[in-house]
Number of protein chains: 2
Amino acid sequence: MPSDPPGFELPIRLLLGFRVLIDELHAELARQGHPDLRPMHGFVLQAIMRGSDTAVELGRTLGVSKQAAGKTIETLERLGYVERACDPRDTRRKIVRLTAHGTDSLVRSERVFDELRARWAEVIGPQRLRELEADLRKVTPPDLFRLDVPGWFGAQ
Amino acid sequence: MPSDPPGFELPIRLLLGFRVLIDELHAELARQGHPDLRPMHGFVLQAIMRGSDTAVELGRTLGVSKQAAGKTIETLERLGYVERACDPRDTRRKIVRLTAHGTDSLVRSERVFDELRARWAEVIGPQRLRELEADLRKVTPPDLFRLDVPGWFGAQ
DNA sequence: TCCATACAGTCGACCAGGTTGTCCACCATG
DNA sequence: CATGGTGGACAACCTGGTCGACTGTATGGA
């Protein structure tokens with residue numbers, strides 16, 4: 001009967017696993033025409049695509065202030081991933097939309113993630129990978145897109 | 001035969017798993033007398049305990065500049081987790097040591113991590129948990145303590 | 001109809017934690 | 001004993017958060 005590892009290994013392995021996948025994703029995205037996309041931009045673009053179309057809404061989804069969301073939108077606008085337009089029905093609001101470049105990055109990310117998952121399946125076996133995902137689903141919150149991730153790690 | 005989930009679920013589950021563990025650790029640490037310890041401080045204290053006893057050495061271990069390591073040490077010194085003393089054999093060096101408070105936080109972290117791991121084992125089964133850890137070991141770098149994590153997520 | 005309130009966005013000040021560059025004091029070697 | 005490498009500190013800067021204050025635009029109730 002195998003002995004259990006110390007408890008601190010588990011969170012570190014989870015973080016390293018995340019890092020490996022995200023690092024490889026962004027190395028590949030850089031090769032495919034998206035060299036200045038940062039890890040967190042992916043989450044932001046996902047949130048925008050899924051309907052967070054204003055700074056306030058995006059801030060709520062990501063768990064940051066509307067000002068922080070506004071700054072991130074500004075960055076992504078400067079990089080050409082999103083564009084802003086006025087809402088004709090409520091002139092206070094500015095609607096954020098993905099550009100073709102932004103959509104392209106998400107399409108490519110999706111494909112790369114699938115490829116990376118297939119590589120993991122080769123290493124640990126497809127059945128074990130499905131079990132790993134199923135097990136993680138049991139111990140993590142159900143909502144995939146409520147990450148609260150920006151500024152979480154070092155934040156106050 | 002079950003169908004595979006989209007590839008992007010895997011990294012998010014890994015990150016969420018990490019977050020769940022770290023959030024619960026720090027909630028418990030706050031209850032046990034360490035309310036102002038931040039997630040990344042744990043990694044820094046670990047690195048110090050494992051022998052990174054100067055700013056330069058700590059920076060090398062954590063993958064950041066010596067200046068950044070120095071700032072972090074300053075913060076932990078202000079919070080009472082480490083103390084600095086001059087090296088009598090090399091007056092340039094300032095040795096960083098854990099205080100009793102710092103050691104206490106690591107001892108408690110270890111215990112809490114073990115408890116959290118036991119809770120996961122109850123949910124998904126001890127054998128499945130060991131398999132999960134073994135599988136992650138196959139797809140992540142071997143060195144647990146070379147995280148390069150400070151400033152990684154949003155960094156340039 | 002008008003006014004009070006709610007709300008979207010922006011600006012400014014601040015902070016944390018990273019970076020690079022520079023400098024100084026010290027050690028170690030030839 | 002000069003010289004090169006090293007540990008630490010300082011300054012300037014960047015990013016990406018925070019909060020508070022302010023503007024302008026709905027919107028619903030008196």
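Chain naming here is simple, since letters A, B, ... match the order of the sequence lines and numbering starts at 1 in each.
- Side chains of B:P5 and A:E133 form a contact here, defined as non-hydrogen atoms less than 4.5 Å apart.
- Here A:S65 reaches the OP1 or OP2 of D:dT18: one of its side-chain N or O atoms lies under 4.0 Å away.
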Inset, instruction - Check step by step if side-chain hydrogen bond (donor to acceptor under 3.5 Å, both in side chains) holds for A:H41 and A:D36. - result: CA-CA 10 Å; A:H41 292 158; A:D36 30 310; over 6 Å; no
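- The phosphate of C:dC27 has OP1 or OP2 within less than 4.0 Å of a side-chain N or O from B:T91.
- Projected onto DNA chain C by closest heavy-atom contact, B:P88 and A:I95 fall at different nucleotides, the more 5' of which corresponds to A:I95.
- The CD atom of A:E131 sits 12.0 Å away from atom CG of A:L136, with the distance rounded to the nearest 0.5 Å.
- Applying the 4.0 Å criterion to OP1 and OP2 of C:dG18, one finds that B:T72 has a side-chain N or O inside that range.
- Note on B:R78: every side-chain N or O is 4.0 Å or more away from OP1 and OP2 of C:dA16.
- Nearest-nucleotide positions on DNA chain C place A:K66 closer to the 5' end than the other of A:K66 and B:R89.
- As rounded to whole Å, 12 Å separates atom C1' of C:dC27 from atom CZ of B:R93.
- B:K94 comes within contact range of the sugar-phosphate backbone alone, with a heavy-atom separation under 4.0 Å but no base atom that close.
- In this structure, B:D90 atom CG and C:dT29 atom P are separated by 12 Å, rounded to whole Å.
- Listed nucleotides: C:dG18, D:dG17, D:dA26. Nearest to the side chain of B:K71: C:dG18.
- A donor N or O paired with an acceptor N or O is found under 3.5 Å between the base of C:dC7 and the side-chain atoms of A:R92.
- The base of D:dG16 lies outside donor-acceptor range of the side chain of A:Q67, with no N or O pair under 3.5 Å.
- The six-membered or imidazole ring of B:H101 lies near that of B:H34, with a centre-to-centre distance under 6.0 Å.
- Phosphate proximity of C:dT10 to A:R84: present, with a side-chain N or O under 4.0 Å from OP1 or OP2.
- Nucleic acid contact for B:T54: sugar-phosphate only, since backbone atoms but no base atoms lie under 4.0 Å from a heavy atom of the residue.
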